[in-house]
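Counting starts at 1 for both ligands and their atoms, in listed order.
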Amino acid sequence: MDINERNIEKLIDIALKNKDIVVYYQPKYDAVTSRLCGAEALARWKLEDGSVLSPGCFIPLLEKNGLIIKLDWYMYGETCAFIRKLMDEGIEVVTISANFSRLHTFEGDAFIPRLCETADRLGIPHKYLEVEITESTFENLGTNIREFIADIRNAGFNVSIDDFGSGLSSLSFVKDVPANVLKIDKSLISGNCENEKERIVLESIFNFAHKLNFTTVAEGVETKEQLGFLRTCGCKVIQGYIFAKPMPQEEFENVCKKPHAKVYDEDILLTQPSATADELLMQAVFRAYPLVIFSNLSRNSFYMMAYSNFTTRSCPSAGVYTELIMHGASTMHPDDKELFISTFDIQSQKQRYENGEDTISVVTRQKGDDGIYRPVETTNYYVKNPSADDLLAITLSRPLGDA
Ligand code: C2E
Ligand code: MG
Ligand code: MG
């Protein structure tokens, strides 16, 4: 069948009426547990000869003449009907997302009532539904889109930004969009994620998305190596051929009955060593030294990193080094104060460094938040920053057990 701009209007009407357009569901899985946690509804056009058309063959035409609106509401209605079926059969329901073209933003105030009406008529809790809006929608729609999305969220639905990274929308714009899910486009996940620059970009995107409280979904994940890397980025949800391709409703219903995917428990040290190494090393360092301080002795500043179970809880923090030392001294046993201050005096440290000492260490008794004195070993390792001439010290500090 030849679908073109001239005949699409007639053909789509017939196809929708005959239900030749069907919903395929692509499962989404929890990145860590490999358990089913959602699905996306994707349109497929079944032809008379039994072949199936992908959306790429008809969605662009429908976008052009506005008929996409009709298709999207049809897909959403079918999705709701399917969720109702699952509920009736006592099968555990996961959230299912449906794609909505940017053209829906022109439906204005009519959009939310229609979204609610279909779900409410079938008694479907709104939390089981997710509206996917593609990133490109945000490029030229200004502030209205924020309100549009806020209204959908306020009505209890999930909203995802689809294909993030495929277009030109900026991180700074996304921060103001009240969506709760960020779907990272498959174009950002190429090869086996072995390209250093691509890894940096992905790590940063996940970092920023998590700080803004987005649930992150990686689209188009195909290989174990990609999965391994995405796990190190803290990616929450995986959608891709590695777990499952889009499938007809009956098949997806069976997946819902057995919601565990095959587990890929690859050795992460072999597949993604550099991404994991720093984080693992820090875990070990913090276990041995619950207090780590970076100090710039040339500039009298410090940055203190957090830990758990150390004697104070005011971390992380940054500030003036001499004030830190005076504060530290104030928590020392009276007999150890002098030793502590003279050891960590900036001038005397510089002198000792110039005399060839690259490490200094003292043990002093320090009062914890509970008022008890405990011996604490404090060691300064002097290091040079390759990009500045400043003298830096890394302090590793650890309690030595009760006095
Ligand atoms: P999308 O919303 O980003 O959907 C994800 C697409 O990535 C789907 O393509 C899916 O089959 C594909 N995909 C998932 N995992 C993998 C993978 O591991 N490798 C590769 N190579 N591809 C993967 P599909 O089904 O061809 O849909 C293409 C696009 O058409 C969708 O992209 C969506 O933008 C649009 N679309 C599909 N159904 C609808 C609909 O009902 N309404 C609207 N407005 N757009 C739709
Ligand atoms: Mg989508
Ligand atoms: Mg997408």
Can you list the ligand 1 atoms lying under 4.0 Å from a non-hydrogen atom of V221? 18 (O)
In the protein, what heavy atom is nearest to atom 41 (O) of ligand 1, and what distance, to one decimal place, separates them? M75 CG, 3.3 Å
Quick one: look at D162 and ligand 1, take heavy-atom pairs under 4.0 Å, and tell me if it's side chain, backbone, both or neither. side chain
I'd like to verify the contacts: list protein N, O or S atoms under a distance of 2.8 Å from the Mg ion (ligand 2). E40 OE2, N99 OD1, E132 OE1, D162 OD2
Can you find a heavy atom in the side chain of Q239 that is under 4.5 Å from one in the side chain of V221? no
Enter the distance from K197:NZ to I200:CD1 here, rounded to the nearest 0.5 Å. 8.0 Å
Salt-bridge criterion met for K384 and D389 (N-O under 4.0 Å): yes
Out of H104, K186, E63, Q26, the nearest non-hydrogen contact to atom 6 (C) of ligand 1 is supplied by K186
Could you check atom 11 (O) of ligand 1 against the protein and tell me its nearest heavy-atom contact, residue, atom and distance included? P246 CG, 3.3 Å
Do Y25 and F82 make the cut of ring centroids closer than 6.0 angstrom? yes
Would T95 and E130 count as a side-chain hydrogen bond (donor to acceptor under 3.5 Å, both in side chains) if you check the C-alpha gap in whole Å, the side-chain angles of each, and the deciding distance to 0.1 Å? CA-CA 7 Å; T95 297; E130 182 173 314; 5.8 Å; no
What I want to check is whether the side chains of T322 and N300 have a donor and an acceptor closer together than 3.5 Å. yes
Which atoms of ligand 1 are found less than 4.0 Å from any heavy atom of I68? 44 (N)
Per-atom contacts of ligand 1 with D163, taking only distances under 4.0 Å to non-hydrogen atoms: 3 (O)
Using modelled atom types only, decide if a donor and an acceptor are shared between the side chain of N207 and the backbone of E203 within a distance under 3.5 Å. no
Heavy atom under 4.0 Å from ligand 1: found in A43's side chain, backbone, both, or neither? both
Distance under 4.0 Å to a non-hydrogen atom of G240: what atoms of ligand 1 satisfy this? 15 (N), 18 (O)
Given I59, T79, L103, L42, identify the one with the heavy atom nearest to atom 39 (C) of ligand 1. I59
Does some non-hydrogen atom of R44 fall short of 4.0 Å from ligand 1? yes
closest protein heavy atom to atom 24 (P) of ligand 1 is P55 CG, 3.6 Å
Using a strict cut-off of 4.0 Å, indicate which atoms of ligand 1 neighbour a heavy atom of D72. 40 (C), 41 (O), 42 (N), 43 (C), 44 (N)
Before accepting this row, confirm whether a basic side-chain N of the pair E63/R102 lies closer than 4.0 Å to the acidic partner's carboxylate O. no
Run the numbers for me: atoms of ligand 1, each under 4.0 Å from some heavy atom of E40, listed by number. 1 (P), 2 (O), 4 (O)
Within-cutoff protein neighbour (heavy atom, under 4.0 Å) for atom 15 (N) of ligand 1: yes
Quick check on side-chain contact (heavy atoms from CB on, under 4.5 Å): which of D163, D185, I161 does T134 satisfy it with? D163
Are N192 and T223 close enough that a side-chain donor and a side-chain acceptor fall under 3.5 Å? yes
Q349 versus N380, side-chain donor and acceptor atoms under 3.5 Å: yes
Among all protein heavy atoms, pick the one closest to atom 19 (N) of ligand 1 and tell me residue, atom and distance. E222 OE2, 2.5 Å
Could you check whether E40 pairs with K28 (Lys NZ or Arg NE/NH1/NH2 to Asp/Glu carboxylate O, under 4.0 Å)? no
Just to check, does S101 reach to within less than 4.0 Å of ligand 1 when the distance is taken from its heavy atoms? yes
Ring center gap for F100 and F111 short of 6.0 angstrom: yes
Exercise: identify the closest heavy-atom pair between T216 and C235: OG1-CA, 3.6 Å
Residue and atom name of the nearest protein heavy atom (relative to atom 22 (N) of ligand 1), distance in Å to one decimal: Y241 OH, 3.3 Å
Between F243 and Y29, does the ring centroid distance fall short of 6.0 Å? yes
